[in-house]
Amino acid sequence: MPELRYLEDVVTLEFDVEKCTGCQFCTWVCPHGVFAMDGNRAKVVDRGACMECGACQINCAFDAIHVQRGTGCAAAIIASWFNGGKVSCGPTGDADSEGACGETPKGSGCC
Amino acid sequence: MPGSKVARPRLDQPFVIGAIDTPFGEVPVIPAALTRADRVGGYKVRWGIGRYTYTVDPGLYALGAPDDRSPVLVSANYKLSFDALRRELVGRDAWILVLDTRGINVWCAAGKGTFGTDELVRRIESAELSFMVSHNIVVVPQLGAPGVNGPAVRRDTRFRVVYGPVRATDLPAFLDAGMRATPEMRRVRFTARDRAVLVPVEAVNELAIAAWVALAGVLLSGIGPGWYSLARALERAPIAVLTAFAALLAGTALAPLALPWLPGRMFSTKGAVAGALTAAAGLGIASLAGLALSPAALAAVALFMVAGASFGTMNFTGTSTYTSLHGVEKEMRVAMPLQIAGAVLATALWIAGGWF
């Protein structure tokens with residue numbers, strides 16, 4: 001089966017290797033293998049596979065990773081044009097949500 | 001006073017089969033195996049029925065007969081997530097700590113932050129977890145990581161976050177390996193089966209759009225020589241309705257299922273190709289069946305299927321497991337003007353088809 005891959009050179013992921021302490025959290029949380037260990041520090045090995053979920057950034061205790069996180073969802077982006085909110089999932093009508101179609105029950109295995 | 005702030009999940013939930021008495025209230029006991037009622041409930045939400053009220057009470061549950069050394073596995077209070085976790089744990093004992101994600105699955109809730117650091121810290125405290133177990137590890141599903149600051153949880157509680165595998169099916173192997181995940185367990189996939197189970201809810205979500213398009217198509221079908229004719233509207237209506245629903249099917253079922261084999265990286269490209277193939281097949285069958293369409297109507301049908309399916313598949317980006325916000329924004333800047341132009345032109349051609 002051909003590999004599913006999205007657009008290259010679009011994501012906002014930035015990694016500052018100078019701040020990295022080699023704690024490995026980013027390599028554990030990334031669902032697309034963007035980070036790998038290179039000696040005793042992390043390294044970005046597949047930037048194009050990043051989906052900007054932000055897992056690496058929030059789990060980096062050393063402020064070495066920055067990404068403008070968000071949901072890669074066209075319906076949520078369209079909804080955000082109308083309500084001026086940020087792009088996120090969530091059922092419409094949820095007080096805290098600016099989401100669109102609501103959550104999707106992702107493949108039964110993932111949750 | 002012990003137990004005064006402890007909120008335990010209700011014992012009268014249908015899947016609870018007993019209770020463990022503790023100084024901090026009764027902890028509900030749940031089985032690993034799913035019942036028929038659990039499976040029927042899961043099937044219904046896959047079709048979008050009662051999806052936002054398919055919840056379990058947040059808090060601590062005992063799966064099997066856990067003791068103070070049993071693992072603590074964190075989940076969301078979407079019952080589909082809760083069930084996906086427990087059904088993998090047949091023959092095991094574990095504590096299940098359910099966060100209040102308002103009925104949303106782990107990954108989506110993590111993106112919103114409801115499956116998050118604050119909620120996890122609160123639940124660890126309100127479940128009196130440090131009294132229940134003697135170790136200091138909570139296993140958080142890897143897809144919960146976008147909402148959870150692992151290092152901060154360690155700072156604010158006595159517990160350390162260990163990220164479990166992406167898929168609950170890998171949990172037994174992960175636990176047996178001393179809580180180590182292989183690189184394969186850490187990768188999210190989007191298999192044919194993953195996509196197939198998502199098709200119904202996707203199609204149902206966009207059904208309303210197709211219905212409005214069909215209605216508009218039927219109304220426009222009456223325009224022609226002599227301005228408006230009900231007979232003409234009725235005669236042309238079936239094609240308009242079929243076109244709307246074929247575009248829906250191409251965009252929300254065919255393209256998601258055939259995703260890896262359709263050309264292009266943008267979902268709108270893949271959808272446009274699926275729409276073109278569907279149009280070619282549909283119009284081919286129609287002509288073999290002896291249905292004669294005018295060139296203008298023919299072009300309208302084909303063009304609308306391409307534009308409509310392209311839009312439908314573009315909306316599948318949010319359902320997929322690998323698209324980024326900035327990628328989708330770029331895709332939309334390119335695709336939406338073309339989709340709108342295609343739909344407008346198709347509408348004009350369909351109206352022109354009343355004359356030609």
Side-chain angles (χ1 to χ4, degrees), chain A residues 1-8 10-13 23 25 27-33 36 49-62 67-78 87-91 93-94 96-97 99-111, chain B residues 45-46 51-52 75-76 78 80-81 84 102 104-109 111-112 141-143 145-151 163 166-169 181 183 186-188 190-191 193-194 197-198 201 205 259-261 265-266 314-315 317-332:
Chain A
M1 190 177 83
E3 186 196 11
L4 283 168
R5 224 180 141 80
Y6 202 47
L7 313 183
E8 305 289 336
V10 286
V11 295
T12 52
L13 177 68
C23 77
F25 259 96
T27 65
W28 295 328
V29 297
C30 178
H32 289 291
C50 173
M51 60 179 290
E52 301 181 319
C53 73
C56 53
Q57 173 174 264
I58 189 174
N59 279 281
C60 180
F62 308 98
V67 60
Q68 290 174 40
R69 60 184 288 175
T71 310
C73 173
I77 292 170
I78 292 172
V87 179
S88 79
C89 309
D94 179 346
D96 295 340
S97 170
C101 59
E103 52 82 43
T104 51
K106 301 264 188 190
S108 56
C110 76
C111 307
Chain B
V45 296
R46 290 292 189 192
R51 200 151 59 103
Y52 298 123
S75 188
Y78 183 34
L80 203 61
S81 305
R102 285 178 245 158
I104 306 293
N105 72 64
V106 172
W107 206 9
C108 294
K112 280 167 62 67
Q142 187 188 328
L143 294 184
V148 174
N149 181 335
Y163 285 106
V166 164
R167 285 164 292 272
T169 47
R186 297 239 170 267
R187 296 296 283 271
V188 81
F190 203 35
T191 64
R193 196 187 164 278
D194 294 340
V197 298
L198 295 168
V201 82
N205 273 345
L259 207 62
W261 298 282
R265 291 201 178 181
M266 292 190 183
M314 194 177 75
N315 280 336
T317 48
T319 312
S320 84
T321 59
Y322 67 99
T323 53
S324 60
L325 170 62
H326 291 88
V328 175
E329 281 178 347
K330 182 181 175 182
E331 160 159 5
M332 290 171 77

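- The shortest side-chain heavy-atom distance between A/W28 and B/Q142 does not fall under the 4.5 Å cut-off.
- No donor-acceptor pair under 3.5 Å is formed between the side chain of B/S324 and the backbone N or O of A/E52.
- Looking at B/M332, only its side chain comes within 4.5 Å of chain A, counting heavy atoms on both sides.
- When each of A/I78, A/V10, A/L4 is scored by its heavy-atom pairs under 4.5 Å with chain B, the top score falls to A/L4.
- Only the backbone of A/C50 comes within less than 4.5 Å of a heavy atom in chain B; its side chain stays farther off.
- The two residues A/P31 and B/L143 make their nearest non-hydrogen contact at CB-CD2, 4.1 Å.
- Considering only residues two or more places apart in sequence or on other chains, B/Y163 meets the ring pair (Phe, Tyr, Trp, His ring centres under 6.0 Å) condition with none of them.
- Scanning both residues, B/P146 and A/C53, for their nearest heavy atoms gives CB-O, 3.5 Å.
- Judged by distance alone, with hydrogens and angles left aside, the side-chain atoms of A/N59 form a donor-acceptor pair with the main-chain N or O of B/V148 at under 3.5 Å.
- For A/C30, the part sitting under 4.5 Å from any heavy atom of chain B is the backbone (N, CA, C, O) and nothing else.
- Scanning all heavy atoms of the two residues, the minimum distance from A/H32 to B/T321 falls at NE2-O, 2.9 Å.
- A/A74 and B/M314 get closest at one heavy-atom pair: CB-O, 3.4 Å.
- Proximity of A/I77 to B/L325: side-chain heavy atoms (C-beta onward) are separated by under 4.5 Å at one or more points.
- Heavy-atom distances place both the backbone and the side chain of A/Q68 under 4.5 Å from chain B.
- Residues that satisfy the side-chain contact (heavy atoms from CB on, under 4.5 Å) test with B/T191, not counting sequence neighbours, are B/R189, B/R193, B/D194.
- When heavy atoms are compared at a cutoff of 4.5 Å, A/E8 approaches chain B by way of both its backbone and its side chain.
- Contact between A/I58 and B/A145 at its shortest, heavy atoms only, is CG2-O, 3.3 Å.
- Summarising the geometry of B/T317 relative to A/Y6, their closest heavy-atom pair is CG2-OH, 4.2 Å, with the distance given to 0.1 Å.
- One finds the OG1 atom of A/T71 at 9.0 Å from the NZ atom of B/K112 (value rounded to the nearest 0.5 Å).
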